[in-house]
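Take a look at the structure set out below.
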Number of protein chains: 2
Amino acid sequence: MRILVIEDEVRLCEALVQILKKHNYTVDSDTDGESGLDDALSGIYDVVVLDIMLPKIDGITILKKIRSEGIDVPVILLTAKDSIHDKVTGLDSGADDYLTKPFNTEELLARIRALGRRRGEIIEPDALSFGDISLDTQTMRLTGRGGDISLTLKECELLEYLIIHKDVIASKEQIIEKLWGFDSDAEANHVEVYVSFLRKKLRHVHSDIKINAVRGVGYKLRKGGE
Amino acid sequence: MRILVIEDEVRLCEALVQILKKHNYTVDSDTDGESGLDDALSGIYDVVVLDIMLPKIDGITILKKIRSEGIDVPVILLTAKDSIHDKVTGLDSGADDYLTKPFNTEELLARIRALGRRRGEIIEPDALSFGDISLDTQTMRLTGRGGDISLTLKECELLEYLIIHKDVIASKEQIIEKLWGFDSDAEANHVEVYVSFLRKKLRHVHSDIKINAVRGVGYKLRKGGE
DNA sequence: CACTTAACTTAAAATAACCTTAAAAGCATG
DNA sequence: CATGCTTTTAAGGTTATTTTAAGTTAAGTG
């Protein structure tokens with residue numbers, strides 16, 4: 001997952017890069033329209049985050065050029081103000097989404113994920129992380145502070161689900177639906193078994209992450225110091 | 001935090017209401033444009049979730065009417081397809097955000113929270129609270145002025161019921177019906193036992209909330225200075 | 001004030017949820 | 001078709017929660 005950020009405000013640009021990298025995306029950036037356009041035309045990116053107001057070449061022009069070259073990478077426009085005009089022009093020119101400054105991290109990340117879903121592709125970061133562990137869903141490897149280990153498909157899916165839903169308690173029903181499908185006859189014990197497998201592997205990589213069972217409700221990840 | 005959902009697909013509508021309620025929002029809903037508009041014009045909502053395709057009056061018309069009445073409640077549009085046209089029309093008409101079906105819970109919740117932040121207000125779920133306590137029904141944790149503690153399922157349901165019905169005296173029969181179901185053979189003593197459990201936990205978090213027994217009638221919460 | 005009844009509290013029993021492990025079954029690969 | 005790996009099944013053990021039950025306290029009533 002490669003993201004290109006084109007934004008001339010240096011501080012904002014760096015902040016964006018840092019945030020995205022933190023979430024395990026691969027990120028490049030430009031601070032002017034000219035080099036931004038060059039990079040965008042390379043066609044190697046999965047998402048472009050594009051400011052409208054840019055030195056040398058403005059965002060809308062870049063967007064039009066990209067599209068006229070037949071590159072249909074998802075583009076998220078950054079509009080300086082709450083200017084409907086920019087939005088409309090941007091969407092007309094082939095943008096997939098816009099974001100009004102100031103915006104926050106969560107929102108940007110949500111939109112990037114949403115873009116992936118909308119196109120039916122999966123624009124996901126290659127690795128998820130939580131506390132002292134990191135999960136590479138591509139290679140299905142779990143890395144902790146004391147080594148790494150490979151997971152089976154179901155283990156990986158379960159941990160992925162728990163990390164993505166780290167803020168809520170994931171019920172067994174939800175987990176079953178996700179891992180075995182909506183009308184499977186999988187039982188609660190399936191989940192319990194995999195939770196048990198995962199806990200063992202978490203210990204194996206010396207992570208201090210715990211899978212907390214909330215009786216009658218579901219499971220929730222917990223970091224060491226909580 | 002009051003949310004209005006206007007959506008004609010009954011199943012989707014109910015699902016939305018349930019999900020939002022589960023996250024401690026107060027939710028009303030309509031399944032056609034006419035009653036939807038009526039409710040929206042009341043101006044009491046903090047967010048409106050509005051489907052575009054609706055019987056009687058379509059979403060865009062509703063949106064325009066709302067705005068022409070000077071109500072600037074945040075509106076999230078639900079667009080049936082990936083139709084840029086709908087988005088642009090919607091944004092022109094004064095929508096704050098849109099969501100393309102199908103979408104998932106997380107995304108909707110994120111957008112609702114994001115809307116609040118963007119406007120600088122705090123559109124947060126009412127973490128069910130009363131006096132000096134606050135109850136998170138998601139994690140089943142009770143927080144008081146001197147720490148927090150986890151509740152069991154029944155304890156949580158009981159306290160939730162008491163808080164929601166804080167203005168009236170909750171009878172044991174009502175409580176039994178809510179916690180154990182309509183035709184259970186649960187007895188009055190069950191309620192008494194759980195009231196006792198709760199009182200102990202309220203003391204544990206140093207709350208000054210009291211569960212008042214009204215002889216022959218039921219229970220009612222009371223704040224410290226009452 | 002004595003009596004009755006409702007409510008309170010607590011401990012112990014029963015139940016249901018969850019955990020773990022081992023073994024069987026399924027599946028792909030060489 | 002044998003091997004190794006993943007997934008499912010199943011059983012027994014552990015613990016948290018719910019229910020039962022019994023003794024105690026408090027409130028209302030004549």
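Throughout, a chain's letter reflects where its sequence line sits, starting with A, and its residues are numbered from 1.
A salt bridge links D97(B) with R111(A); the closest basic N to acidic carboxylate O contact falls under 4.0 Å.
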Run the side-chain donor-acceptor check on residues 210-221 of chain B: report pairs under 3.5 Å with partners two or more places apart or on a different chain.
residue	atom	partner	partner atom	Å
K220(B)	NZ	K166(B)	O	3.2

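Atom-to-atom, NE2 of H190(A) to P of dA11(D) comes out at 14 Å; the value is rounded to the nearest Å. Separating the CG atom of L158(A) from the P atom of dT7(D) is a distance of 11 Å, rounded to the nearest angstrom. Rounded to whole Å, atom P of dC5(D) lies 13 Å from atom CE of M140(A). Taking atom CD1 of residue I175(B) and atom C1' of nucleotide dT19(D), one finds them 17 Å apart after rounding to whole Å. Rounded to whole Å, the distance from CG on L202(B) to C1' on dT9(C) is 16 Å. As rounded to whole Å, 13 Å separates atom P of dC5(D) from atom CD of E155(A). Rounded to whole angstrom, the span from the CG atom of L198(A) across to the P atom of dT7(D) amounts to 11 Å. Atom P of nucleotide dT9(C) and atom NE2 of H204(B) are separated by 17 Å, given to the nearest angstrom.
Remark: side-chain polar atoms of D28(B) are not paired, donor with acceptor, to backbone N or O of L4(B) under 3.5 angstrom.
The shortest side-chain heavy-atom distance between V193(B) and F197(B) falls under the 4.5 Å cut-off. The shortest distance between side-chain heavy atoms of I175(A) and H190(A) does not fall below 4.5 Å. Residues K223(A) and I209(A) form a side-chain contact, since some pair of their non-hydrogen atoms from C-beta on lies under 4.5 Å apart.
Between Y25(B) and L109(B), the shortest heavy-atom contact is CE1-CD2, 4.1 Å.
The terminal axes of the helix from dC1(C)-dG30(D) to dG30(C)-dC1(D), fitted over 5 pairs per end, subtend an angle of 30° to the nearest 10°.
Residue W180(A) places at least one side-chain N or O under 4.0 Å from the OP1 or OP2 atom of dT8(D). Taking 4.0 angstrom as the limit, T152(A) places a side-chain polar atom (N or O) nearer than this to OP1 or OP2 of dT7(D).
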- Item | Summary of protein contacts for nucleotides 19-30 of chain C, nucleotide by nucleotide, where a base hit scores B, a sugar-phosphate-only hit scores S (4.0 Å, heavy atoms) | BBB---------
- Task: For each nucleotide in nucleotides 23-30 of chain D, reading 5' to 3', give B when a protein heavy atom comes within less than 4.0 Å of its base, S when such contact involves only the sugar-phosphate, and - otherwise.
- Result: ---BBS--
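Evaluation of the side-chain hydrogen bond (donor to acceptor under 3.5 Å, both in side chains) test over residues 9-23 of chain B, restricted to residues two or more places apart or in two chains, returns none.
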- Message: Could you walk me through whether K172(B) and E187(B) satisfy the salt bridge (Lys or Arg N to Asp or Glu O under 4.0 Å) test, starting with their C-alpha distance in whole Å, then the side-chain angles of each, then the deciding distance to 0.1 Å, before giving a yes or no?
- Response: CA-CA 9 Å; K172(B) 288 183 188 175; E187(B) 291 165 52; over 6 Å; no
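In this structure, K154(B) has no salt bridge (charged side-chain N to carboxylate O under 4.0 Å, His left out) partners at least two apart in sequence or on a different chain.
Partner of D148(B) under the side chain to side chain contact (heavy atoms under 4.5 Å, CB included) criterion, out of D136(B), T139(B), L135(B), T143(B): T143(B) alone.
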